[in-house]
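Note sheet for the following structure.
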Amino acid sequence: MKNITDYNFLNKRALIRVDFNVPLNKETFAITDDSRIKGALKTINKILADGGSVVLMSHLGRPKGGPEAKYSLKHIVSHTSELLGREVKFAEDCMGAETLSLVQNLKAGEVLLLENLRFYPEEEKGDLPFAEKLSKYGDVYVNDAFGTAHRAHSSTTVVAQFFPNDKLFGYLMESEIKAVEKVLRGNEKPLTAIIGGAKVSDKILIVENLMDVANNIIIGGGMAYTFFKAMGKNIGKSLCEDDKLDTARSVIEKAKAKNVNLLLPIDHIVADNFSNDANHKTVSVDDTPDGWMGLDIGEKTIAFYKETILNSKTILWNGPMGVFEMENYANGTVSVAKSVAEATEKHGAYTLIGGGDSVAAINKFHLADKVSYVSTGGGAMLEYLEGKTLPGVKAIID
Ligand code: AMP
């Protein structure tokens, strides 16, 4: 497999699948968070610096099978130009003779952005002829869209087969894969996985996959209560998936059999209502009052988890420890975020914040630059951690 650093793009036209699915203001269409565009700059700049030209393709939002002005990628042209410090040309359709001619006239150092791929239903269907048409736009195919790497779409996966000798990962894809592989290979022990969030059903495959490499699995958030109920504890009105009680029991058994420490909260903040203003107090997990619900981990749990986190050499964190969106139940998540940052800075641990709400939490608490890696790919990262092979990754490696 070729890699982007060693590849010389001189006089080559690179077709890059980027993830420019950025949030836009509903009225002004201004970009409200440009981190996905920034994430692709290193790849684009390397190709331009080599003396190549760039064709960018992406989706934006969820159009219903045809063009919709609100999902047009034209809204991001000027900002992308500013970030790149050069003009970005725009093709108003990702298909057609006019676009092909724009592509063919592209000179070294020039950048062309194609209109939203999902204006064609063929894209999400992984249509082969559609992918073949896209393939005509480049001499080399670069996939830098980790956020869509779990989708077998035309532009993320199918198109790669038309570049048997010239397909590679962009820098963002490379770093995401490196980060998650570092955790899954689990060479630096002890390895601790902190898994939180609302539901056991969303995270169970990750927990099971990590069971083979992790020394400690810390559980927090709403999913802890399905475990507690399975253990026979009273959980009051706490979140619980009654159809997952057997799953929780089997996780407890497997952890024992594999010698993995499964850490569950010892105390928690319970409230008489799902509201920031509800009456709330900290109690042992054995003393949940009837009619109350657990919404955050307690101080004893925070200290207990901190000790494990600070003794770890590799840490994966996915999912909040409580309802961190409400101030009164944010402390568990903030404290875990701080412990993960401390493990990174003071103890040299490798720390990966893997997708979803834990990324939102680490950003909210301004700790993103104090951990080793914050993943940009929500669903893609979850599937990778579950042990699945992502089609977008496989298409480049094969
Ligand atoms: P997930 O998307 O599965 O990572 O879940 C994140 C959501 O779980 C957040 O919106 C949290 O507010 C919610 N959550 C975390 N802990 C609890 C809890 N104890 N009870 C109810 N919801 C929770």
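Indexing begins at 1, ligand by ligand and atom by atom, following the structure's order. Residue numbers count from 1 along this sequence. Side chains are part of it too, since the values below use all heavy atoms of this structure and drop only hydrogens, waters and symmetry mates.
Side-chain contact between V285 and K233 is present, with at least one heavy-atom pair separated by less than 4.5 Å.
The protein heavy atom nearest to atom 15 (C) of ligand 1 is G322 O, 3.2 Å. In this structure, atom 17 (C) of ligand 1 lies nearest to the protein heavy atom G222 N, 3.2 Å. What sits closest to atom 7 (C) of ligand 1 on the protein, heavy atoms only, is D357 OD2, 3.6 Å. At the shortest separation from atom 19 (N) of ligand 1 among protein heavy atoms lies G294 O, 2.9 Å. The protein non-hydrogen atom at the shortest distance from atom 13 (C) of ligand 1 is A198 CB, 4.2 Å.
Residue-level proximity to ligand 1 for E325 is carried by the side chain, the only part with a heavy atom below 4.0 angstrom. Of the heavy atoms in M293, none comes closer than 4.0 Å to ligand 1.
Not a single heavy atom of M326 lies less than 4.0 angstrom from ligand 1.
On a distance-only criterion, L239 and ligand 1 share no N/O pair closer than 3.5 Å.
Paired with E208 under the rule salt bridge (Lys or Arg N to Asp or Glu O under 4.0 Å), one option of K254, K258, K203 passes, and it is K254.
A cation-pi contact, defined as under 6.0 Å to the ring centre and within 45° of the axis, links K182 to Y350.
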